[in-house]
There are 2 protein chains.
Amino acid sequence: MDTREKLIESTRELLWERGYVGTSPKAIQERSGAGQGSMYHHFSGKPELALAAITRSAEDMRERANAEFTARGTVLARITAYLRREREVLKGCPVGRLTQDPEVMADPALRRPVEETFAWVTTRLSSLLAEGVRTGELTIPDPAATATALVAVVQGGYVLARAEGSAQVHARAMDGILALLAAAKNPAAATTDPEGKS
Amino acid sequence: MDTREKLIESTRELLWERGYVGTSPKAIQERSGAGQGSMYHHFSGKPELALAAITRSAEDMRERANAEFTARGTVLARITAYLRREREVLKGCPVGRLTQDPEVMADPALRRPVEETFAWVTTRLSSLLAEGVRTGELTIPDPAATATALVAVVQGGYVLARAEGSAQVHARAMDGILALLAAAKNPAAATTDPEGKS
DNA sequence: GTCTATAAGAAGATAGAC
DNA sequence: GTCTATCTTCTTATAGAC
């Protein structure tokens, strides 16, 4: 990994752990092993480095979600895979936490990847739910609202888990929403349940 | 409002807007109108001031929720009131945002009010849901998991709304979870619906 | 590309006068 | 109780040598 790459990855870690406001150029230099001059050679400053780091984290998040959304299986199976995916719950969401950072939200360039990522995930989930309704697998009145609620539970699960200091709390939130979602399942579609749990 | 009080309230605002890491003693002094010496006369430093501010915000959050949880009406009506309460959505949750602050989470004293508040809200909601199951109003398999999911949707709704820059997103998340919850309503209990909407 | 030197201003206080 | 002075360390760079 070259210097530029190490700078980006170190910034990603620090933004995840401490946010933009809580991350100093000095901390980035120390973690990456790059010197002062080296950092300012590759990037004009903290904002440009942060943009590279945030963009990459946002792409990462979309790629992971996309893998689950496009997997084989029923709509409910794919949504369940997304909700129950293993996460570093106690570290929080690398993208979601940026919404709490005043300087990220105040800078349109830094904010854009965050905004686009949540819009993308919500839209994809909404399409998935709509597909489930169309095929008769699910009965829900408003796929867009349901999708928003699903993404919100994942994000809020991080908040509660961090508050309590326990990753289990996130899992419990997923249990809760999945139990409610299971009630929207059309019994007629149960025969094609690939998990054989019905 | 005396000086001490102005210091606490100014700190509350700044913690809400910028978090603990992003809030400096100087900013607190400027917003409150108190001088350097005055601030350090009333409080030993930033951590003690933050503790007073966080404690008060946590009490505030519990009081508001308690008012909705103990109101008249069906369990679902009370939960709906809680979820749909008017909030300063784009500012985020004054307590929830603290879970993203590394220095708050690292200090047991600052962290305790945050942890206790979310535990309290979740427990109260869980009891409410259990009451609904007992009276036959609702049919849900696991009230504790459902309660966790409900609090998570509220918190995650803030995250999504801030990401998109729109309070409507929070409302949409509430629509989504309430639609799922409505499916858990026992038709037999509809006759006692005090809102007369059934 | 990387290193060291330098620097203005903020962060987070302490000390002592009034 | 409040004010001003002082202090150390950190922040976020810039300049110029190697």
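Residue numbers start from 1 in every chain, and the chains themselves are labelled A, B, ... in the order their sequence lines are given, proteins ahead of strands. As a basis for the values below, the full set of heavy atoms in this structure was taken, side chains included, without hydrogen atoms, waters or symmetry mates.
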(message) Tell me the interatomic distance from B:Lys26, atom NZ, to D:dT4, atom C1', rounded to whole angstroms.
(response) 15 Å

(message) Whole angstroms only, please: what is the CE-P distance between B:Met39 and C:dG12?
(response) 9 Å

(request) Return yes if a side-chain donor-acceptor contact under 3.5 Å exists between B:Thr23 and B:Arg18, otherwise no. (result) no

(request) State which of D:dT14, C:dT14, D:dT11 makes the closest approach to the side chain of B:Gln36. (result) C:dT14

(message) Any side-chain to backbone donor/acceptor pair from B:Glu137 onto B:Val75? Under 3.5 Å, distance only.
(response) yes

(message) The criterion is side-chain contact (heavy atoms from CB on, under 4.5 Å); which residues satisfy it with A:Arg111, sequence neighbours excluded?
(response) A:Met105, A:Glu115

(message) What is the distance, to the nearest angstrom, from the NE2 atom on A:His41 to the P atom on C:dT4?
(response) 17 Å

(message) Just N and O in the side chain of A:Ser38: are any of them under 4.0 Å from OP1 or OP2 of C:dG1?
(response) no

(message) How many whole angstroms separate atom CG of A:Leu49 from atom C1' of D:dA13?
(response) 13 Å

(message) Using whole Å, what does the distance between atom P of nucleotide C:dT2 and atom CZ of A:Arg4 come to?
(response) 12 Å

(request) Would you mind reading off the distance between B:Arg18 atom CZ and C:dA10 atom C1', rounded to a whole angstrom? (result) 12 Å

(request) Describe the nucleic acid contact of B:Gly35 in one word from base, sugar-phosphate, nothing, applying a heavy-atom distance below 4.0 Å. (result) sugar-phosphate

(request) Whole angstrom is fine here: how far is it from CG in B:Leu7 over to C1' in D:dT2? (result) 12 Å

(message) If we ignore hydrogens and angles and just use 3.5 Å, is the side chain of A:Asp101 paired with the main-chain N or O of A:Tyr20 as donor and acceptor?
(response) yes

(message) Can you measure A:Gln29 atom CD to C:dT2 atom C1' for me and round it to whole angstrom units?
(response) 12 Å

(request) Look at the side-chain N and O atoms of A:His42 and state whether any lies under 4.0 Å from the OP1 or OP2 oxygen of C:dT2. (result) yes

(request) Establish, with yes or no, whether the OP1 or OP2 oxygen of D:dT12 is under 4.0 angstrom from a side-chain nitrogen or oxygen of A:Lys46. (result) yes

(message) Considering only residues two or more places apart or on different chains, which pairs with a residue in residues 77-100 of chain B satisfy ring pair (Phe, Tyr, Trp, His ring centres under 6.0 Å)?
(response) B:Phe69-B:Tyr82

(request) Kindly say if A:Thr3 contacts the phosphate of C:dT2, meaning a side-chain N or O under 4.0 Å from OP1 or OP2. (result) yes

